[in-house]
Amino acid sequence: MVSYDVIIFTGNLAFATAFNSIYINLVGTAGESKRTHLKRLTPSFYRGAVSHFIVSCPKSLGKLVMIKLDKQKRILKDSWYPAKVEVKSPKNKTYHFPIYHWITDSEVYCFREGTALRIFDDSNSYVGGYSRQQELKERQKVFRWDVYAQGIPQCIKADSIQSLPYDVHFSFTKTAEMKYTAVTGLVELELIEMAELKKKWTHIDDISHLLCAHRTQVTDFVHKHWKEDSLFGYQFLNGVNPMLIRCCKALPKNFPVTGDMVSLHGGGSLADEMMKGNIFLCDYKLLDGVQPNTINRKKQYLMAPLILLQKTSDNKLMPIAIQLKQKPAKDNPIFLPTDSEYDWLLAKIFVRSADFNFYEVSVHLLRTHLLAEVFTVSLLRNLPMLHPLYKLLMPHTRYTLQINVLARQLLISQTGVLTRFAASGGKGVITILQKSLSSLTYSSLCIPDDIAERGLKDVPNFYYRDDGLKLWEIIFRFVKEILTSYYKTDAEVQKDSELQNWIQDIYEHGFLSQASTGIPQRFTTVDEMIKFVTMVIFTCSAQHSAVNSGQYDFGAWMPNSPVTLQLPPPTKKGKASEKSMLDTFPDIQTTVHGMAVMWLLSKQSSDSIFLGQYPEEHFSEEVPCQKIKDFQVELKRLSAEIKVRNSGLDLPYTYLDPEYRRPLLLGNFPTRPAQLLGSDSGQSSHLALAEGPVQSDTNRYTGEPRKAPHDVEVKSPEGHTYHFPVYHWITDNEVHYFREGTAGMCMKKEFPSAI
């Protein structure tokens, strides 16, 4: 008899524990073990458990190539999530079997030994009655293509979240947080009491109340500087949509700006500035002809503007002309910084609203989410677990399918939030997606090519470009080192039928066989494969972070990013005013729902896994495992560089920092300052003991009282911080007193006389 040491690793996920009976077969090149019941006196397959067993066989099984696992009901049926299995042979060789699969029934599941193999390397492609072809055939029954709408990338066929396989579901933590956030996002932002108010805004300061619950360093900066041209220009480089701006060497014929019309910074002529590469264009022509939404029975307005910007001598990007519609006309004036305050400000507001609708649908939804889904579905349909590309890409597909099913159900469906509250909602979303896909190019998905094509190599203070290019190079080197350890020649790439099926499916179902996109239909060289895989990883990680993570930062202050606008743009100059601006803004209901969506989309899950982290051990060979460690070191080094750079910036750019964790600056503070009572004549400058009478401020829109904070902290001029625990519902208009939180006894005569 020979004995094999078997170690079962149960995943550290909620509900991963199994109390059912677990059985295993070991399959080798020289035979197969009997089905062995893995049993012990104590429970073995609980969450996070590492369980040891012995499997005995009459003789050696040779080289182990596969295990079979099955779970049989004892008392109650349960689910089990085995992460991996390690088996040590009698000759002391350890075999690794990655699993990472929910077992929910009593079927027998086969898992191959973890060494990555291309199809033409797999001499044991049919062992133990199971083949990699059979694995793909079964997966293709589960992961099927579907058409959501003509002219946009195809998606996974799923009627609901429940119809998705367990393996692509959110973790319990993510599920709980998404449900919590989706249901109570308005509550978290303390906006629930305004969620059904269809009134107009009557004063710009009223909008400030919406920021009370959750602020960040960026929301504060935007709130303070939103009217300034420098922030307007900055956002085309480092806001949530850095994908539209390009160097302008010649004006479009439909944008008749003249040198006499514009006032250039630093003097000079418009023609000279264009020749020097200092003039830039943002053209939202893709929005032209998009049918605007109707919200609360009122027509909305969505422009397709053109914006001209100038790089100044102090390295700022400043707008110099705005035309709000594509076709020049008398009723379509070109707005200039020299116009009246509200003419110019309102023109910028129409641009910012157009930008929200453009980036949310084209840049965020299409170019990251929908393409990531295409890459994922094709991966699951065409690459078996043994394939090196499956092992490389699978960690980057986490949650992709479920989040996109949710997006189709909750955001862009007939009852979705974008459909109800965004200017592009309804038919407009599909139109934008169709037009965006038809104009999308492969080079625009590869940041080195994209930056070069848009003429942005030398633009100063372009942190998306700086960090993005460094990340691309780090990912590119990582992908190259991994894949060239498996593919030595172009011929090997060409004869890998599974690899070719993967890219062919992407071309057909994702890019709808449109040759104009430049997407490869097949790989002919190692370099082609490396570049495309780099693009896939960059799109699913860095690019998504760049265009998603800052949504609340830049959009929480509604005037900087209105989801829709209720009045048409001015047709003549000199007519705009603060009142017309407020009347143009979305109503209160639309504003708060837009904020809640941006909060939800940009909120990090507590179980997020960031670029470079590979908790699932799909690779077992020495070379890829070492390359993953090298990759992590490079990402850590880049993160340190970004942090040093950001330390000197008034507005740090964090969205491409591999180690970035979203902080909140302040949360849950009263809408009016608390009165501070000190022991030295009541002066808070010498605060020894204090009470904060916090008065509930009545909401001017609903008449309902606002809620008090759960705690208050006060820092004195001497640097001492005082803590006032509150934890009390305030439901009236009375003044409420709360003592400083230090425990202990004190004589009443020491208290201020005001108490």
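If you're wondering where the values come from, they're calculated on a predicted model, not measured in any experiment.
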| Please walk me through it: do V547 and T368 pass side chain to side chain contact (heavy atoms under 4.5 Å, CB included)? | CA-CA 9 Å; V547 302; T368 62; 4.0 Å; yes
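- Here the shortest heavy-atom pairing between Y148 and C155 reads CB-SG, 4.1 Å.
- Under the 3.5 Å distance criterion, the side-chain polar atoms of Q566 are matched with a main-chain donor or acceptor of F585.
- We find the CZ-CD1 distance between F255 and I334 to be 5.5 Å, quoted to the nearest 0.5 Å.
- Taking each heavy atom of L302 and A354 in turn, the nearest pair found is CD1-CA, 4.0 Å.
- Counting only N and O atoms by type, the side chains of N548 and Q551 include a donor and acceptor under 3.5 Å apart.
- Taking CG of L336 as the reference point, atom CG of L308 lies at 10.5 Å (rounded to 0.5 Å).
- Contact of the R352 side chain with the W226 side chain is not registered, since no non-hydrogen atoms from C-beta on lie closer than 4.5 Å.
- A salt bridge links D583 to K579: at least one charged side-chain nitrogen sits closer than 4.0 Å to a carboxylate oxygen.
- Looking only at distances, no side-chain donor or acceptor of K199 sits under 3.5 Å from a matching main-chain atom of I588.
- Residues L433 and L370 are in side-chain contact: their nearest non-hydrogen atoms beyond the backbone lie under 4.5 Å apart.
- Under a 3.5 Å cut-off, the side chain of D283 and the backbone N or O of K285 do form a donor-acceptor pair.
- In this structure, the side chain of S549 engages the main chain of S545 through a donor-acceptor pair within 3.5 Å.
- A distance of 7.5 Å separates CG of D220 from CG of L211, quoted to the nearest 0.5 Å.
- Without hydrogens or angle criteria, N296 side chain to K298 main chain gives no donor-acceptor distance under 3.5 Å.
- Two residues are said to be in side-chain contact when any heavy atoms from C-beta on lie closer than 4.5 Å; I322 and F350 fail this criterion.
- In terms of heavy-atom proximity, P333 sits nearest to P570 at CD-O, 4.0 Å.
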| field | Worked verdict on L164 versus V405 for side chain to side chain contact (heavy atoms under 4.5 Å, CB included) | value | CA-CA 9 Å; L164 288 172; V405 171; 4.0 Å; yes
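- Residues M318 and D229 share a closest heavy-atom pair of CE-CB, 3.7 Å.
- A side-chain donor from one of Q326 and N254 sits under 3.5 Å from a side-chain acceptor of the other.
- Contact of the E578 side chain with the I204 side chain is registered, since non-hydrogen atoms from C-beta on lie closer than 4.5 Å.
- For the pair V429 and T419, the minimum side-chain heavy-atom distance is 4.5 Å or more.
- Judged by distance alone, the side chains of Q235 and D355 never bring a donor and an acceptor atom under 3.5 Å apart.
- Using a 4.5 Å cut-off on side-chain heavy atoms (C-beta onward), S444 and R367 make contact.
- Counting only distance, with no hydrogens or angles, the side chain of Q434 and the backbone of Q150 share a donor-acceptor pair below 3.5 Å.
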| S436 and L286: CA distance, side-chain angles, deciding distance, side chain to side chain contact (heavy atoms under 4.5 Å, CB included) verdict | CA-CA 7 Å; S436 296; L286 187 141; 3.4 Å; yes
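- Side chains of Y284 and P305 form a contact here, defined as non-hydrogen atoms less than 4.5 Å apart.
- Applying ring pair (Phe, Tyr, Trp, His ring centres under 6.0 Å) to W557 and the options H225, H214, H223, H209 leaves one that passes, H223.
- N238 places a side-chain N or O within 3.5 Å of a backbone atom of N461 that can act as its donor or acceptor partner.
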| Would I412 and L365 satisfy side chain to side chain contact (heavy atoms under 4.5 Å, CB included), going step by step from the backbone distance to the final call? | CA-CA 10 Å; I412 64 174; L365 179 59; 4.2 Å; yes
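- No donor-acceptor pair under 3.5 Å is formed between the side chain of D339 and the backbone N or O of W344.
- Contact detail for V563 and M598: the closest heavy-atom pair is CG1-CE, 4.3 Å.
- Using cut-offs of 30° and 60° for the angle between ring planes, the H364 and H544 rings count as tilted.
- Looking at L440, V361, I152 one by one, the single match for side chain to side chain contact (heavy atoms under 4.5 Å, CB included) with L366 turns out to be L440.
- The 12-atom threshold is not exceeded at NZ of K316, counting heavy atoms of other residues, nucleotides or ligands nearer than 6.0 Å.
- With hydrogens and angles ignored, the 3.5 Å screen pairs no side-chain donor or acceptor of R420 with any backbone N or O of H593.
- Annotation: the span from F236 atom CZ to C282 atom SG amounts to 4.5 Å, rounded to 0.5 Å.
- Side chains of N404 and E373: a donor on one and an acceptor on the other come within 3.5 Å.
- A distance-only check finds a donor-acceptor pair linking the side chain of N357 to the backbone of S353 [under 3.5 Å].
- Atoms OG and CZ, from S424 and F358 in turn, are 11.5 Å apart once rounded to the nearest 0.5 Å.
- Summarising the geometry of K325 relative to D331, their closest heavy-atom pair is NZ-O, 4.5 Å, with the distance given to 0.1 Å.
- Checking T654 against D657 by side-chain atom types alone, no donor-acceptor pair falls below 3.5 Å.
- Aromatic ring orientation, F462 versus Y464: tilted (interplanar angle from 30° to 60°).
- Looking at heavy atoms from C-beta onward, I320 lies out of side-chain contact with V257 at the 4.5 angstrom threshold.
- The structure places CZ of F221 at 8.0 Å from OH of Y234, a figure rounded to the nearest 0.5 Å.
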